[in-house]
Amino acid sequence: MEPLTSGASNRIIPILKTLRTFIVFLQTIFLSLILLLLPRRSQPSTSVESAPPMKRRSLWRLEEEDTLRRRALAEDIDMLTGDVDYQCEWNTYLFFGVRRNALFCRSWVPVDGKLKGILIIIHGLNEHSGRYAQFAKQLTSCNFGVYAMDWIGHGGSDGLHGYVPSLDHVVADTGAFLEKIKSEHPGVPCFLFGHSTGGAVVLKAATHPRIEDMLEGIVLTSPALRVKPAHPIVGAVAPIFSLVVPRFQFKGANKRGIPVSRDPAALMAKYSDPLVYTGPIRVRTGHEILRISSYLIRNFKSVTVPFFVLHGTADKVTDPLASQDLYCQAASKFKDIKLYNGFLHDLLFEPEREEIGQDIISWMEKRLGA
């Protein structure tokens, strides 16, 4: 059986592996240029924005039905990880982002309400916040409150599944969510946590002075900091494709080939989860990852927020050397890095997840002590 893998890869659109796919790719470019030159009313399109009014309403209805289905599934996730003796208050609710999209959120708080700090979780591409219930349990047992938000197009949030119109919107939503949590818990230190593409989102958010001022620090696991297209041509035409066919799925980018965990049970749980998007990556989503990655690489030296970056040396989805470059180049006075020899991409779903979770807790406690 082929190993199951994430839809996020450091080679976003691997479609130029054979002559046949190369010819198809060139034909697609040609057709896309024609579409750009033709009058818009003559474009046959399946996108919601450019479809005829009747078809547009039908697509919106289907998208809304899918969102409601995913939201119901998100509500049914076991927030206590099956432990009836687990002492924790939990909640789910909707938060409206900067573009008024309904975003599905979760919280876990120790029963006694005594908080030494709060960690806000921003999940990775294609997954959702419900996957972090076990990590939340570990955090609350150490008197940290935990809040988590599903991005647009993910988990129980609004939007087409797996489609991210702009990661800048996710960055803005992250800042707004942090502001909300701070207003509800004045005086409690807050940290942001981001995994993979969520790590890139968190890092970019923390470069804004207003957001940085609300934070004690950020934690990044396997951040998507140096993402490259499969071929230079892909990078050149990605902006055009993202405008012409933003929701189109590249069939060559699938979930098989690059393992993300050494725990077979964790892999099976991930890819049997209906809230995990396992389809081919959508054009706009891929372009947005390339764009935020390029921005961050150019701005490592301007990073001043305290941070802890964790990466597996055997990660084939995101680049551990990019995490090392961030650590070396960032201007932050309080920064740490830990590389786990032989570990893969989904660090909090590796067999050593408890050890990794404790490393994160110890770093936050050290930061609070400082």
Side-chain angles (χ1 to χ4, degrees), residues 6 8 74 77-81 88-95 97 103-110 115-152 154-157 167 170-171 173-182 184-185 188-206 211 214-224 266 270 273 275-276 305 307-310 345-350 353-354 356-361 363-364 367:
S6 171
I77 288 177
D78 181 7
M79 297 276 282
L80 301 180
T81 65
C88 172
E89 293 182 357
W90 60 270
N91 192 23
T92 61
Y93 56 94
L94 294 180
F95 169 71
L103 305 174
F104 189 84
C105 302
R106 305 175 188 275
S107 66
W108 297 262
V109 181
L115 297 177
K116 65 173 68 171
I118 289 173
L119 182 67
I120 298 169
I121 294 175
I122 305 299
H123 63 75
L125 180 70
N126 298 334
E127 56 168 358
H128 61 94
S129 61
R131 283 173 35 81
Y132 292 84
Q134 186 63 43
F135 182 41
K137 176 182 176 180
Q138 189 176 4
L139 288 159
T140 55
S141 69
C142 295
N143 290 106
F144 282 94
V146 183
Y147 290 80
M149 178 189 77
D150 291 346
W151 317 351
I152 186 170
H154 288 69
S157 293
L167 281 173
V170 183
V171 169
D173 288 339
T174 298
F177 189 51
L178 168 64
E179 198 164 20
K180 176 182 183 296
I181 303 307
K182 287 289 289 184
E184 294 174 351
H185 300 276
V188 179
C190 285
F191 296 85
L192 276 177
F193 168 94
H195 173 63
S196 194
T197 304
V201 166
V202 163
L203 184 60
K204 186 170 185 181
I211 296 177
M214 291 188 280
L215 292 169
E216 290 299 316
I218 64 174
V219 178
L220 312 172
T221 57
S222 315
K270 180 173 185 176
D273 185 341
L275 289 177
V276 171
V305 66
F307 70 85
F308 181 30
V309 59
L310 306 86
H345 183 65
D346 285 354
L347 286 180
L348 287 173
F349 300 89
E350 286 281 63
R353 59 181 69 89
E354 290 287 332
I356 294 166
Q358 187 56 53
D359 288 342
I360 293 170
I361 291 169
W363 183 85
M364 290 194 293
R367 174 62 187 153

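All values below come from the heavy atoms of this structure, side chains included, with hydrogens, waters and symmetry mates left out.
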| If you take all heavy atoms of Gly199 and Leu220, which pair is closest and at what distance? | O-CD2, 3.5 Å
| said: So Trp363 and Phe191, do their side chains get closer than 4.5 Å, heavy atoms only? | reply: yes
| note | When rounded to the nearest 0.5 Å, the distance separating CH2 of Trp151 from CD1 of Ile122 is 9.0 Å
| Donor-acceptor pair, side chain of Trp108 and main chain of Met79, under 3.5 angstrom | yes
| message | Closer than 3.5 angstrom, by distance alone: can the side chain of His128 be matched with the main-chain N or O of Ser157 as a donor-acceptor pair? | response | no
| said: Could you measure the distance from the CD atom of Gln134 to the CG atom of Leu80? Nearest 0.5 Å is fine. | reply: 11.0 Å
| Any idea which heavy atoms bring Cys142 and Ile361 closest together, and the distance? | SG-CD1, 3.9 Å
| field | Reference residue Thr197; test side chain to side chain contact (heavy atoms under 4.5 Å, CB included); the match among Val202, Leu167, Val170 | value | Leu167
| remark: In this structure, CD1 of Ile120 is separated from SG of Cys105 (nearest 0.5 Å) by 10.0 Å
| message | To check you understand the geometry: which heavy-atom pair defines the closest contact between Leu203 and Ile218, and what is its length? | response | CD1-CD1, 3.8 Å
| query | Out of curiosity, Trp90 CH2 to Asp78 CG, how far, rounded to the nearest 0.5 Å? | reply | 8.5 Å
| field | Approximate separation, where rounding is to 0.5 Å, of Ile77 CD1 and Tyr132 OH | value | 12.5 Å
| message | Looking at Ser222 and His345, would you say the former's side chain and the latter's main chain have a donor-acceptor pair under 3.5 Å? | response | yes
| Under 30°, 30 to 60°, or over 60°: which ring-plane class applies to Phe177 and Phe95, parallel, tilted or perpendicular? | tilted
| task | Dump the intermediate steps for side chain to side chain contact (heavy atoms under 4.5 Å, CB included) on Leu94 and Phe104, then the final yes or no. | result | CA-CA 5 Å; Leu94 294 180; Phe104 189 84; 4.1 Å; yes
| message | Using 30° and 60° as the class boundaries, would you call the ring planes of Phe193 and Phe135 parallel, tilted or perpendicular? | response | tilted
| query | When the ring planes of His123 and His154 are compared, do they come out parallel, tilted or perpendicular, using 30° and 60° as the limits? | reply | tilted
| note | Of all heavy-atom pairs linking Lys182 and Val188, the shortest is NZ-O, 3.5 Å
| request: Using the ring of Phe349 (Phe, Tyr or Trp, six-membered ring only), decide whether Arg131 places NZ or CZ under 6.0 Å from its centre and within 45 degrees of its axis. | output: yes
| 4.5 Å side-chain heavy-atom contact, Met149 and Thr174 | yes
| Does the His195 side chain pair with the main chain of Gly124, one donor and one acceptor, at a distance under 3.5 Å? | no
| field | Side-chain (Arg106) to main-chain (Ala74) donor-acceptor, under 3.5 angstrom | value | yes
| field | Flag for Ser129-Asp150: side-chain donor and acceptor within less than 3.5 Å | value | yes
| query | Would you say the side chain of Cys190 lies within less than 4.5 Å of the side chain of Leu178, judging by non-hydrogen atoms? | reply | yes
| request: Could you tell me the separation between the CD1 atom of Ile356 and the CG atom of Asp346, rounded to the nearest 0.5 Å? | output: 10.5 Å
| remark: Between Val305 and Ala206 the two heavy atoms that sit nearest each other are CG1-CB, 3.9 Å
| said: Determine whether a donor-acceptor pair (N or O, by modelled atom type, separation under 3.5 Å) exists between the side chain of Gln138 and the backbone of Glu354. | reply: yes
| remark: All heavy atoms of Ile118 vs all of Phe144, minimum pair found to be N-CD2, 4.2 Å
